[in-house]
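So the structure is just underneath, and the comments pick up after that.
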Amino acid sequence: MRRRSRVIPPEAKTGADLPDDAFRRELRRRSRRGFAGALASVAAGAAGFQWFMNSPKEGRLNRAMRRALGWHERVGLATFRPDRLAREFPASSARMPIVNGLIGLFGPMPDWKLRVTGAAGKAREFTMAELRALDLPRVETTTELECVEGWTTVVRWSGVRLLDFAAKTGLASRTGRLGDPLAQPGDLLSYASLATPDNAYYVGLDMPSALHPQTLLCDAMNGQPLLPDHGAPLRLSIPVKYGFKSLKQLGSLHFTDVRPADFWAEQGYDWFAGL
Ligand SMILES: Nc1nc2c(c(=O)[nH]1)N[C@H]1C(S)=C(S)[C@@H](COP(=O)(O)O)O[C@H]1N2
Ligand SMILES: [Mo]
């Protein structure tokens, strides 16, 4: 008599209907197939990863990685809306962030000045008193400072909008026109380049992000004047970007059509660094 267990009707391949030994065999067959499938996908993934890592170098990154970042930046720029705000938090939830990154910081600088250049070789210098004399509206934001290293702190920032500074000085427009620089997009330079007084730390920004309403030149944090390690006397807060773009101890600001260098982008991080 044929053992019933040898007969496995193809339509009944659910373990419940199978006699014990046939069930075990079927199970082994399936797990072998599953293992082979898993191996194949790991191999394909590894091959893809090899291809990705072996593509030719461009700067410190390879071409495939650069293209991925370039794509990310184009999507970021195309979907960027100046009226889309970074999340605001209650002022009471603000905390002091750790001091992170001291590159280009001098400590207290009694003779500090902000050097600014714009289109057509326009150049100006501002002491803190001269900046205050511009009488720009003071703005407060309570937003997240998000470091790529994996921590986030809610900070209460106070200062003036870079947008209002640009409107008042005309330095971000090609013709030097005063007033809202966003009203005439064709007259707007493409980038802002920021650096510490010694140029040791520098940040490049696309103009839409630089002129975002929450992008501030700050002289205070959490209700206290900026401390030297947090960038006194003036720093940037740009909550639409990762924290490394929030340059401390700002010494110079250049509005330009040349895509600016960026300290961490040169180390391989995303230049756009949008959140
Ligand atoms: N001049 C300067 N600005 C800088 C840095 C730096 O090293 N030097 N580090 C950046 C990084 S990586 C972060 S996350 C924030 C941290 O700001 P905090 O020290 O006030 O917390 O500052 C940014 N601005
Ligand atoms: Mo950071």
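Whatever order the structure lists them in is the order used to number ligands and atoms, beginning at 1.
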Numbered in order shown, the ligand 1 atoms found under 4.0 Å of a heavy atom of Leu105 are 1 (N)
| query | With a 4.0 Å cut-off on heavy atoms, does Gly104 reach ligand 1? | reply | no
protein heavy-atom neighbour closest to atom 8 (N) of ligand 1 works out as Ile103 O, 2.8 Å
Checking heavy-atom distances from atom 3 (N) of ligand 1 to each of Lys248, Met221, His230, Lys245, the winner is Lys248
A student checking ligand 1 against Val99 at a 4.0 Å heavy-atom cut-off should list atoms 19 (O)
Ligand 1 atoms nearer than 4.0 angstrom to some heavy atom of Pro97 are 21 (O)
Atoms of ligand 1 under 4.0 Å from any heavy atom of Gly101, numbered from 1 in the order shown, are 5 (C), 6 (C), 7 (O), 8 (N), 9 (N)
Salt bridge (Lys or Arg N to Asp or Glu O under 4.0 Å), that's the test. Do Lys248 and Asp229 meet it? Break it down for me. CA-CA 8 Å; Lys248 302 190 277 191; Asp229 286 353; over 6 Å; no
Of all protein heavy atoms, the one nearest atom 13 (C) of ligand 1 is Gly243 O, 3.5 Å
- Task: Can you establish whether the number of heavy atoms outside Tyr242 located under 6.0 Å from its atom OH is more than 12?
- Result: no
Q. Is Gln249 near ligand 1, meaning one of its heavy atoms is under 4.0 Å from it?
A. no
Contact region, Thr196 to ligand 1, non-hydrogen atoms below 4.0 Å, reads side chain
Fill in: Pair Asp219 + Arg138, salt bridge at N-O below 4.0 Å
yes
shortest atom 24 (N) of ligand 1-to-protein heavy-atom contact is with Ser246 O, 3.0 Å
Residue set satisfying side-chain contact (heavy atoms from CB on, under 4.5 Å) with Pro260, at least two apart, ordered chain then number -> Tyr191, Ser193, Thr256, Trp271
closest protein heavy atom to atom 16 (C) of ligand 1 is Asn100 O, 3.5 Å
In ligand 1, the atoms that come under 4.0 Å of a heavy atom of Leu102 are 7 (O)
Taken to the nearest 0.5 Å, the spacing of Asp270 CG from Lys241 NZ works out to 8.0 Å
Q) Is the Phe244 ring parallel, tilted or perpendicular to the Tyr269 ring (thresholds 30°, 60°)? A) tilted
Taken in chain and number order and not counting sequence neighbours, the residues that satisfy salt bridge (Lys or Arg N to Asp or Glu O under 4.0 Å) with Lys113 are Glu125
Going by the 4.0 angstrom heavy-atom rule, the piece of Ile98 near ligand 1 is backbone
So the atoms of ligand 1 within less than 4.0 Å of a heavy atom of Leu145 turn out to be 17 (O), 21 (O)
Hydrogens and angles aside, do Thr142 and Arg156 bring a side-chain donor and acceptor to less than 3.5 Å of each other?
yes
Exercise. Does the side chain of Trp264 pick up a donor-acceptor pair with the side chain of Tyr202 at under 3.5 Å?
Worked result: no
Atom 10 (C) of ligand 1: closest protein heavy atom, distance to 0.1 Å, is Tyr201 OH, 3.5 Å
Do the charged groups of Asp206 and Arg259 touch, with an N to O distance under 4.0 Å? no
### Task
Salt-bridge test for Asp187 and Arg174: reply yes if a basic N is under 4.0 Å from a carboxylate O, no otherwise.
no
Practice problem: Inspect the contact between Asp135 and Lys168 and indicate whether a charged nitrogen and a carboxylate oxygen are less than 4.0 angstrom apart. | Solution: no
Short version for Phe244: what comes under 4.0 Å of ligand 1, heavy atoms counted, is both
A student checking ligand 1 against Cys147 at a 4.0 Å heavy-atom cut-off should list atoms 14 (S)
Query - Any Arg235 heavy atom less than 4.0 Å from ligand 1 - result: yes
Checking heavy atoms under 4.0 Å, the part of Val148 that sits near ligand 1 is neither
